[in-house]
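Excluded from the calculations below are hydrogen atoms, water molecules and symmetry mates; all remaining heavy atoms, backbone and side chain alike, are included. Naming convention: chains lettered A, B, ... in sequence-line order (proteins, then strands); numbering from 1 in each chain.
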There are 2 protein chains.
Amino acid sequence: MVTMSTVQAEEHREREMLRGVGLRVTQPRVAVLGALRRHPHADASAILGAVRQAVPSVSHQAVYDCLHALTESGLVRSIQPAGSPARYEIRRNDNHHHLVCRGCGEVVDIPCQTGSAPCLHTDDDHGYAIDEAEVYFWGLCPACQAGHATRPTEFPTQSHRDREDQK
Amino acid sequence: MVTMSTVQAEEHREREMLRGVGLRVTQPRVAVLGALRRHPHADASAILGAVRQAVPSVSHQAVYDCLHALTESGLVRSIQPAGSPARYEIRRNDNHHHLVCRGCGEVVDIPCQTGSAPCLHTDDDHGYAIDEAEVYFWGLCPACQAGHATRPTEFPTQSHRDREDQK
DNA sequence: CATGTTTTCTTGATTCATTCCAGAAACCGG
DNA sequence: CCGGTTTCTGGAATGAATCAAGAAAACATG
């Protein structure tokens with residue numbers, strides 16, 4: 001039996017994932033999955049950059065197409081925190097949520113306390129068929145608390161959530 | 001004592017709100033607040049349309065400027081459900097959440113079950129100073145369940161709806 | 001209620017993320 | 001290894017939002 005490098009093994013798994021959901025196995029798709037494995041929560045342009053290390057000729061459109069195909073197939077999950085371009089991560093079916101830094105935009109995963117979707121309930125669903133409760137926690141990361149914000153400070157939105165008048 | 005029409009009374013209250021947070025009282029700002037009172041969850045272009053009924057000459061930039069000033073002062077809250085342009089509502093400090101229809105993009109308010117912000121907790125805050133937990137419920141509204149979706153379905157890329165805002 | 005300072009609004013151009021389009025290339029079942 | 005599909009390339013287009021410079025409006029003051 002021939003030994004396999006981890007890189008090879010991971011790429012192999014990514015091909016499997018694609019086949020598993022009935023998607024054709026193409027260089028860009030494998031590269032996009034690889035980029036997402038190494039850079040969770042990356043946005044389209046970061047992914048494009050990462051993919052081009054492996055395949056310098058990919059077009060930005062190919063990346064968008066891949067991301068759409070992957071998202072639709074359920075392999076990838078996209079999140080869009082207010083004020084940020086869409087970000088992507090490989091879907092693990094643990095229904096976790098996200099914590100976003102208002103200063104630098106960094107995103108970290110927050111496990112769902114209440115188990116599986118839709119993890120939150122309402123008394124009045126207005127007749128809707130609700131299938132998901134998506135949660136964004138907002139705050140300041142340690143670096144930004146220390147005054148090292150790396151962008152204009154504050155997101156365009158939600159900068160002034162309920163203040164002292166709350167409660 | 002002179003009687004006041006409801007319209008006048010509401011406009012008066014809006015002027016008060018502006019003064020209350022130290023903002024200059026301008027026609028566009030009063031009109032934007034009025035539009036938001038009548039059309040909660042409207043996006044910038046719907047608001048522009050509504051404002052122009054009262055003040056036909058306002059620029060779209062003025063609307064953006066107003067929305068920013070109002071948001072920063074805390075009078076207005078903005079939300080950005082994935083795939084939708086930013087939407088706005090007059091801030092009531094009840095820390096409520098939103099339910100968004102995947103079919104037509106309609107947004108309805110969902111009172112917070114757990115009281116006041118940040119209404120949800122995490123065991124591991126990763127060192128962040130968390131101040132808010134923003135929740136989006138996703139589902140299908142009654143009309144869209146019945147097959148009357150008014151946008152492409154799938155991933156929400158609703159561009160310009162709310163044309164009926166004219167009225 | 002006239003004035004000057006400051007803020008806000010108008011106009012027009014610009015950026016950024018994303019999508020649309022038409023042909024060329026790549027995938028994969030047979 | 002061939003043919004039919006799907007996907008990718010390259011380039012243009014769209015929509016939401018922002019930037020910039022000067023004109024207009026708000027309002028504190030005299």
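- Side-chain proximity of B:Gln61 to D:dC8, C:dG12, D:dA12: nearest is C:dG12.
- For C:dT6, the base has a donor-acceptor partner in the side chain of B:Arg24 [N/O atoms by modelled type, under 3.5 angstrom].
- Distances were taken from every side-chain heavy atom of B:Leu23 (C-beta onward) to each of C:dT8, C:dT19, D:dA17; the shortest belongs to C:dT8.
- Distance, B:Tyr88 OH to D:dA16 P: 12 Å, rounded to whole Å.
- The distance between atom CG of B:Leu67 and atom P of D:dT18, rounded to the nearest whole Å, is 10 Å.
- Rounded to an integer number of Å, the gap from CZ of A:Arg29 to C1' of C:dC27 is 10 Å.
- Taking atom CD on A:Gln80 and atom P on D:dA17, their separation rounds to 12 Å, with Å as the unit.
- With 3.5 Å as the limit, one finds a donor-acceptor pair spanning the side chains of A:His98 and A:Glu89.
- Rounded to a whole Å, the CG atom of B:Leu33 is 15 Å from the C1' atom of C:dT8.
- The side chain of A:Thr26 places an N or O atom within less than 4.0 Å of a non-bridging phosphate oxygen (OP1 or OP2) of D:dC8.
- Atom P of nucleotide D:dA16 and atom CG of B:Asp65 are separated by 18 Å, given to the nearest angstrom.
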- request: Given side chain to side chain contact (heavy atoms under 4.5 Å, CB included), test A:Glu14 with A:Arg29 step by step and report yes or no.
  value: CA-CA 9 Å; A:Glu14 274 138 22; A:Arg29 282 175 184 170; over 6 Å; no
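- The residue among B:Gln27 and B:His60 whose nearest nucleotide of DNA chain D is located toward the 5' end is B:His60.
- For A:Ala86, taking side-chain heavy atoms from C-beta onward, the closest of the listed nucleotides C:dC28, C:dC9, C:dT18 is C:dT18.
- Through direct or relayed side-chain contacts under 4.5 Å between Ile, Leu, Val, Met, Phe, Trp and Tyr, A:Val58 connects to A:Met17, A:Leu18, A:Val21, A:Leu23, A:Val25, A:Val30, A:Val32, A:Leu33, A:Leu36, A:Ile47, A:Leu48, A:Val51, A:Val55, A:Val63, A:Leu67, A:Leu70, A:Leu75, A:Val76, A:Tyr88, A:Ile90.
- B:Tyr64 belongs to no hydrophobic cluster, as no Ile, Leu, Val, Met, Phe, Trp or Tyr side chain comes under 4.5 Å of its own.
- Within 6.0 Å of atom CZ in B:Arg38, more than 12 heavy atoms from other residues, nucleotides or ligands are found, so the atom counts as buried in its surroundings.
- A heavy atom lying under 4.0 Å from DNA chain D marks the following residues of residues 40-58 of chain A, by number: A:Ser57, A:Val58.
- Among the heavy atoms of the strands lying under 4.0 Å from A:Ser59 is at least one base atom, whether or not backbone atoms are also near.
- Of the candidates D:dG11, C:dT10, D:dC19, the closest approach to any side-chain atom of B:Ala62 belongs to C:dT10.
- Considering only side-chain atoms of A:Tyr64, the nucleotide from C:dT10, D:dT7, C:dT18 that sits closest is C:dT18.
- Contacts of A:Ala69 with the nucleic acid, taken as non-hydrogen atoms under 4.0 Å apart, are absent.
- Between B:His68 and the phosphate of D:dT18, there is a side-chain N or O to OP1/OP2 separation shorter than 4.0 Å.
- Judged purely by distance below 3.5 Å, without hydrogens or angles, the side chains of B:Asp109 and B:His97 never pair a donor atom with an acceptor atom.
- In summary, B:Arg102 and A:Glu132 engage in a salt bridge, as defined by a charged side-chain N under 4.0 Å from a carboxylate O.
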